[in-house]
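So that the names make sense, note that chain A is the first sequence line, chain B the second, and so on, each numbered from 1. A quick note: this is a predicted structure, and the numbers were derived from the prediction, not measured. As a basis for the values below, the full set of heavy atoms in this structure was taken, side chains included, without hydrogen atoms, waters or symmetry mates.
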Amino acid sequence: MSDIVNGVFERFLESKIFVNRELLRPEYIPDELPHREEQISRLASALAPILRGERGSNVFIYGLTGTGKTVVTKFVVKKLHSKAMDLKLRFGYSYVNCRQSDTPYRVFADLAESIGVKVPFTGLSTAEVFRRFIRGLKENYTSFLVVLDEVDYIVKKYGDDVLYRIVRIGEMLPSIKVSIIGITNDVNLIETLDSRIRSSLGEVEIVFPPYNAEQLKDILKKRAEKAFNAGVLSEGVIELCAALAAREHGDARRALDLLRIAGEIAEREGSSKVTTEHVYRAREEIERDRVKELVYTMPLHAKLVLLSIYATSSKGYTTTGEVYGEYVKLCKAVKVEQVTRRRVSDIINELDALGIIESKVVSRGRYGKTKVVKPLIKSEIVLQTLKNDIRIGKIVESIRI
DNA sequence: CGTCCACAGGAATGACGGGCGG
DNA sequence: CCGCCCGTCATTCCTGTGGACG
């Protein structure tokens, strides 16, 4: 009965463009992952011992964003889990994204949550959260798999302590077989690790090379077949998405986003076809949304620094010294206290990490060593968003680039 | 060929609000 | 309610450095 109702709703809601747009979302795990056969089989064989009640190999996975690391891992782990359930094994796994949970505390909190152990956001010591996780593990599992995605975020800030403790669980509790999958887009990461961790963690290493335009096209085609109604994609749409994403180091997520947003734009304006024009507009929209979200949630001083960067880069770039000078002026203008040069230098690095600006240290010999900062985003988008902050809206108006 | 600029960026420390266990 | 620990933002003090200038 409810199927009939849902069917009606869905048919009503679905447009002429999409059959199922969910298939184009980055978190969707398809049944088929073209051009990743080798990685899948290597990962599967590293983990296969788990099914015999032995410990799986620890795996290190490298690859740039959008090369399928996460989706392949989730795909394999999901299969592994259901197989283990068929075999009635007491096997569990946990997936932690270390960019979202970027402190040891939050990593352990996530691990604990994933096995049903409730822990507060804050208030406990990290060691206590870890203990609770271990206790939960002991009670419910004989084998466990920890997936740490974007693990470089933890390692760079806090060293290999987290990894070390997880690796050690197995030694402390021989009754539980614990294995780790570490996923990173930083190829050099493993060299920064302690040699003990390195050898135990890198038992198996799998590299995910970027997709080329041809492979991206395959991926998009497979998904598009089911996601779109027949014939709505104009000639060249898939090729364009593939080409644009290939330019960005073969990022499949980007390619899928472009295709989906292009479809949504076409739908919004009631067009019956998705054209290459829609793809170009999708590219702009993605960029704009990302920046808006980022800038909107930034702390006041980060906004002021960002504004200073734009105000001083009429030549296309600027330097730390110039930025700081401008920043001090702006602070006076809006009557807030300035932070130190040191802090501004960190804020510039943070903006760099967010991809809003690009910076690199250069030496100008006699004239010192500084950081050259280049804004990457169109100034209108950034200024527009900054203007929405009532504290600084007024001075944004007064700045001409 | 040494100096010295204009910073980079590490280390230690602190203030602060949130949130726990007891 | 207290004492403790957390993450975040910030300060202070500091050592390090590539290369044009003299």
Short side-chain N/O contact to dC5(B) OP1/OP2 from Thr370(A), under 4.0 Å: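 Answer is no, no contact under 4.0 Å.
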Pairing of Lys329(A) and Glu326(A) as salt bridge, 4.0 angstrom limit: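 Yes, this pair counts.
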Glu350(A)/Arg343(A) ion pair, N-O < 4.0 Å: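 Salt bridge: yes.
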Applying side chain to side chain donor-acceptor pair (under 3.5 Å), name anything that partners [X], two or more places apart in sequence or on another chain.
X: Lys371(A); answer: Asn349(A)
X: Thr184(A); answer: Asp152(A)
X: Lys315(A); answer: Glu322(A)

Whether His81(A) and Tyr93(A) hold their rings parallel, tilted or perpendicular, with breakpoints at 30° and 60°: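 His81(A) and Tyr93(A): perpendicular rings.
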Expressed as a whole number of angstroms, how long is the span from [X]:[atom1] to [N]:[atom2]?
X: Met298(A); N: dC9(C); atom1: CE; atom2: C1'; result: 15 Å
X: Asp110(A); N: dC6(C); atom1: CG; atom2: P; result: 17 Å
X: Tyr105(A); N: dT8(C); atom1: OH; atom2: C1'; result: 15 Å

Does [X] make a cation-pi contact with [Y], if we ask for NZ or CZ under 6.0 Å from the ring centre and within 45° of the axis?
X: Arg36(A); Y: Phe208(A); answer: no
X: Arg341(A); Y: Tyr327(A); answer: no
X: Lys177(A); Y: Phe144(A); answer: no

Net bend of the helix from dC1(B)-dG22(C) to dG22(B)-dC1(C), end axes of five pairs each, nearest 10 degrees: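 Answer for the end axes of this duplex: 20°.
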Per-nucleotide protein contact string for nucleotides 17-22 of chain C (B base, S sugar-phosphate only, - none; heavy atom under 4.0 Å): BBBBS-
Nucleotide nearest Lys371(A) when distance is taken to its side chain, options dG9(B), dC7(B), dG7(C):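 Of dG9(B), dC7(B), dG7(C), dG9(B) is nearest to the side chain of Lys371(A).
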Approximate separation, where rounding is to 0.5 Å, of Leu216(A) CG and Glu214(A) CD: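 Rounded to the nearest 0.5 Å, the CG-CD separation comes to 9.5 Å.
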Stepwise salt bridge (charged side-chain N to carboxylate O under 4.0 Å, His left out) check, Asp251(A) with Arg253(A): CA-CA 5 Å; Asp251(A) 184 341; Arg253(A) 180 184 314 168; 5.1 Å; no
Sorted by number, the residues of residues 334-357 of chain A with heavy-atom contact under 4.0 Å to DNA chain B: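 The answer is Arg342(A), Ser345(A), Asn349(A).
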